[in-house]
**Student:** 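One structure coming up, written as structure tokens, with questions to follow.
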Amino acid sequence: MRDVYGDLDGNLRTLEESFQVRVTTHDDTVELEGDVDDVKRAAELLRQAAALVTSVGKMSPQDFENALQYALRQDSCDSADFFRQMLFAPTMRHAVSPKSPRQAMFIRAMQQHDIVFAIGPAGTGKTYLAVAMAVVAFLEKKVRRIILARPAVEAGERLGFLPGDLIQKVNPYMRPLYDALYDLMDRDRVGVLLEKDEIEVAPVAFMRGRTLSEAFVILDEAQNTTPAQMKMLLTRLGQGSKAVITGDITQIDLPDPKNSGLVTIQRILNNVRGIEFVYLGDRDIVRHDLVQRIIRAYEKHGE
């Protein structure tokens with residue numbers, strides 16, 4: 001129970017403050033006192049945390065904090081739903097958990113559908129959760145390859161001449177995808193998988209003419225694809241493949257924002273069976289607290 005209690009019972013103290021309950025431990029039991037509803041929610045959180053440690057073998061203080069915040073913010077899900085949506089494979093560096101009900105919906109959609117669109121502002125975990133799901137699928141041998149694609153579109157600045165071959169020239173555009181991979185897997189193993197093409201990071205244009213079978217395909221920054229590029233990538237999927245398309249339609253860097261493939265695809269595929277759209281908002285932002293305020297300020301200014 002040490003992982004559940006936290007260092008110096010830190011998790012239990014946080015639980016007391018968050019749910020306004022009193023927590024007392026007696027050897028292998030925990031006693032909760034307080035309002036009936038608060039006690040029930042706190043007890044359920046502890047039960048699920050203990051079940052997670054039993055099944056996975058570990059739980060970080062951050063996992064417990066995320067579950068706690070999830071339980072406090074949830075509108076229709078409970079803490080059990082949070083733990084059910086945790087992503088973990090034995091050789092991953094750490095488990096990945098949703099930090100909001102809509103992030104849990106995104107994970108559930110990726111588990112249940114072969115094509116999922118995640119649309120929302122910066123910092124809502126779209127790319128990271130998609131890469132985590134791809135890593136789990138690969139490590140569990142549900143797919144043979146991970147393919148990470150991005151449109152190579154300059155975000156308002158001119159990068160000029162970049163040294164190196166074609167791959168080295170486009171690498172700056174792919175850095176967020178590499179960052180997610182390195183956070184989830186050992187860096188040396190990522191390097192080996194990249195060399196063997198079992199993980200491929202490439203611009204969208206490299207996908208033309210290919211059939212992507214038994215692959216987990218992620219199209220990131222999809223708001224910067226044209227409708228033709230979006231159609232091209234979606235029609236590359238072969239047998240045994242899944243695709244997750246992520247983007248933020250408030251940050252389109254194309255000369256004509258109306259020509260964004262992510263904008264038009266919502267009208268085209270909205271009612272197609274087997275395809276799911278998930279919309280994330282400022283409540284799902286998991287970066288610095290100020291990021292939420294910045295995004296809300298921009299939305300207010302836009303209105």
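Nothing here was measured: the structure is a model prediction, and the numbers come from that model. What you see below is based on every heavy atom in this structure, not just the backbone, and it leaves out hydrogens, waters and symmetry mates.
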**Student:** Check the pair Leu193 / Phe138 against side chain to side chain contact (heavy atoms under 4.5 Å, CB included), numbers first and verdict last.
**Tutor:** CA-CA 11 Å; Leu193 295 175; Phe138 178 80; 3.8 Å; yes
**Student:** Do Phe117 and Val272 share a hydrophobic cluster (ILVMFWY, side-chain heavy atoms under 4.5 Å, transitive)?
**Tutor:** yes
**Student:** Using only atom types and a distance under 3.5 Å, with no angle test, would you say the side chain of Ser18 pairs donor to acceptor with the backbone of Leu15?
**Tutor:** no
**Student:** Please report the closest heavy-atom contact between Val39 and Glu33, naming both atoms and the distance.
**Tutor:** CG2-C, 3.8 Å
**Student:** Does any non-hydrogen side-chain atom of Tyr178 lie less than 4.5 Å from one of Leu148?
**Tutor:** no
**Student:** Would you indicate whether the side-chain heavy atoms of Ile245 and Ile265 approach each other to under 4.5 Å?
**Tutor:** no
**Student:** Could you walk me through whether Leu219 and Gln229 satisfy the side chain to side chain contact (heavy atoms under 4.5 Å, CB included) test, starting with their C-alpha distance in whole Å, then the side-chain angles of each, then the deciding distance to 0.1 Å, before giving a yes or no?
**Tutor:** CA-CA 11 Å; Leu219 171 58; Gln229 287 176 320; over 6 Å; no
**Student:** How long is the straight-line distance from NZ of Lys242 back to CE of Met110, given to the nearest 0.5 Å?
**Tutor:** 9.0 Å
**Student:** Are the side chains of Asp9 and Val23 in touch, meaning some heavy atoms are under 4.5 Å apart?
**Tutor:** no
**Student:** Hey, could you give me the CD/CG distance between Glu221 and Asp248, rounded to the nearest 0.5 Å?
**Tutor:** 8.0 Å
**Student:** Do Ile218 and Arg150 have side chains that get closer than 4.5 Å, going by heavy atoms?
**Tutor:** no
**Student:** Are any of the side-chain heavy atoms of Phe216 and Lys142 separated by less than 4.5 Å?
**Tutor:** no
**Student:** Do side-chain atoms of Asn224 reach the backbone of Asp253 as a donor and acceptor pair under 3.5 angstrom?
**Tutor:** yes
**Student:** Side-chain contact test, heavy atoms from C-beta onward, threshold under 4.5 Å: evaluate it for Val244 versus Met133 and give yes or no.
**Tutor:** no
**Student:** Kindly say whether Pro257 contributes a backbone atom to a donor-acceptor pair with the side chain of Ser260 at under 3.5 angstrom?
**Tutor:** no
**Student:** Mind running side chain to side chain contact (heavy atoms under 4.5 Å, CB included) on Phe19 and Leu45 for me, showing each step along the way?
**Tutor:** CA-CA 11 Å; Phe19 287 107; Leu45 183 64; 4.0 Å; yes
**Student:** Taking NZ, NE, NH1 and NH2 as the nitrogens, is one of them in Arg41 or Glu44 under 4.0 Å from a carboxylate oxygen of the other?
**Tutor:** no
**Student:** Answer yes or no: is there a side-chain heavy-atom contact under 4.5 Å between Thr250 and Tyr298?
**Tutor:** no
**Student:** So, taking the atom named CZ in Arg236 and the one named CD1 in Ile147, what distance separates them when rounded to the nearest 0.5 Å?
**Tutor:** 11.5 Å
**Student:** Working to the nearest 0.5 Å, report the span between OH of Tyr279 and CD1 of Ile119.
**Tutor:** 4.5 Å
**Student:** With no hydrogens and no angle check, is any side-chain donor or acceptor of Thr211 less than 3.5 Å from a backbone partner on Gly238?
**Tutor:** no
**Student:** Residues in side-chain contact (heavy atoms from CB on, under 4.5 Å) with Asp37, at least two apart?
**Tutor:** Asp35
**Student:** Between the side chain of Asn11 and the main-chain N/O of Val4, is any donor-acceptor distance below 3.5 Å?
**Tutor:** yes
**Student:** For His301, look at atom NE2 and say whether over 12 heavy atoms of other residues, nucleotides or ligands are found less than 6.0 Å away.
**Tutor:** no
**Student:** Show the nearest heavy-atom pair for residues Val143 and Gly240, with the distance to one decimal.
**Tutor:** CG1-O, 4.1 Å
**Student:** Looking at every non-hydrogen atom in both residues, tell me the closest pair between Lys126 and Leu280 and how far apart they are.
**Tutor:** CG-CD1, 3.5 Å
**Student:** What distance separates Glu276 CD from Leu269 CG, expressed to the nearest 0.5 Å?
**Tutor:** 12.5 Å
**Student:** Starting at CD1 of Ile252, measure out to OG1 of Thr225 and round the result to the nearest 0.5 Å.
**Tutor:** 9.0 Å
**Student:** Following the transitive rule for hydrophobic clusters with a side-chain heavy-atom cut-off under 4.5 Å over Ile, Leu, Val, Met, Phe, Trp and Tyr, establish whether Val192 and Leu184 coincide in one cluster.
**Tutor:** no
**Student:** Is Arg22 atom CZ crowded by more than 12 heavy atoms from other residues, nucleotides or ligands, each under 6.0 Å away?
**Tutor:** no
**Student:** Please report the C-alpha distance between Ile268 and Met230 in whole Å, then the side-chain angles of each, then the deciding distance to 0.1 Å, and finally whether the side chain to side chain contact (heavy atoms under 4.5 Å, CB included) criterion is met.
**Tutor:** CA-CA 11 Å; Ile268 298 171; Met230 179 69 77; over 6 Å; no
**Student:** Testing the basics here: between Thr124 and Gly281, what is the closest heavy-atom pair and its distance to 0.1 Å?
**Tutor:** CG2-O, 3.4 Å
**Student:** Looking at Glu200 and Asp197, would you say the former's side chain and the latter's main chain have a donor-acceptor pair under 3.5 Å?
**Tutor:** no
**Student:** With a 6.0 Å cut-off (strictly less than), is the heavy-atom count around CD of Gln239, excluding the residue itself, greater than 12?
**Tutor:** no
**Student:** Between His113 and Val116, which heavy-atom pair has the shortest distance, and what is it?
**Tutor:** CB-CG2, 3.9 Å
**Student:** Search all heavy atoms of Val278 against all heavy atoms of Arg102 and return the closest pair with its distance.
**Tutor:** CG1-O, 4.1 Å
**Student:** For residues Leu12 and Glu16, determine if any side-chain heavy atom of one lies less than 4.5 Å from a side-chain heavy atom of the other.
**Tutor:** no
